[in-house]
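Below you'll find the structure, written out as structure tokens, and then a few comments.
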Amino acid sequence: MIVCIDFRLYGQKIDTTYNRKIKEYTTDAKFLPASVLDLVEDGRVPSPLKHFGTIIGAPGVMHRTAEIYGYYKKLAETSPLISIKQVGTTE
């Protein structure tokens with residue numbers, strides 16, 4: 001089941017800078033559902049743009065797995081809605 005929420009209904013501020021970059025770097029509109037374009041701006045929880053200095057998937061930028069995991073860890077530290085549990089390791 002997929003649930004999409006229009007956060008604008010609840011008065012939450014949408015990160016328009018992130019949205020603009022996603023639209024700029026996405027070549028096909030079918031990859032732009034509302035759940036991608038409605039990233040909520042929250043001063044406590046860093047967006048990918050604030051954490052990495054760019055959006056995930058920006059042209060010419062390759063984030064390493066350790067960097068992505070570091071971002072997930074930061075999200076878990078700053079949001080009560082996110083937790084991380086390691087279930088295994090790979091090479």
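Positions are given from 1, in the same order as the sequence printed here.
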Quiz: residues 68-77 side-chain donor-acceptor pairs under 3.5 angstrom, not counting sequence neighbours:
from, atom 1, to, atom 2, distance (Å)
Tyr71, OH, Pro46, O, 2.9

Taking every heavy atom of Val61 against every heavy atom of His63, the minimum-distance pair comes out as CG1-CE1, 3.5 Å
Tell me, please, which residues at least two apart from Thr16 pass side-chain contact (heavy atoms from CB on, under 4.5 Å).
none
As a quick check of understanding, evaluate side chain to side chain contact (heavy atoms under 4.5 Å, CB included) for Arg20 and Lys23, giving each step before the final call.
CA-CA 5 Å; Arg20 186 172 26 82; Lys23 287 178 184 177; 5.9 Å; no
Show me the side-chain donor-acceptor pairs of residues 47-59 shorter than 3.5 Å, one per line, residues at least two apart or across chains.
from, atom 1, to, atom 2, distance (Å)
Ser47, OG, Leu49, N, 3.4
Ser47, OG, Lys50, N, 3.1

Is it true that a side-chain atom of Thr26 and a backbone atom of Asp28 form a donor plus acceptor pair closer than 3.5 Å?
no
Check whether Asp15 reaches the backbone of Tyr18 with its side chain - one donor and one acceptor, N or O, closer than 3.5 Å.
yes
Gap between atom NZ of Lys21 and atom CG of Asn19 - 0.5 Å precision:
12.5 Å
Before you tell me yes or no, could you show the steps for Glu24 and Ile22 under side chain to side chain contact (heavy atoms under 4.5 Å, CB included), namely the whole-Å CA-CA distance, both residues' side-chain angles and the distance that decides it to 0.1 Å?
CA-CA 5 Å; Glu24 178 183 343; Ile22 290 289; over 6 Å; no
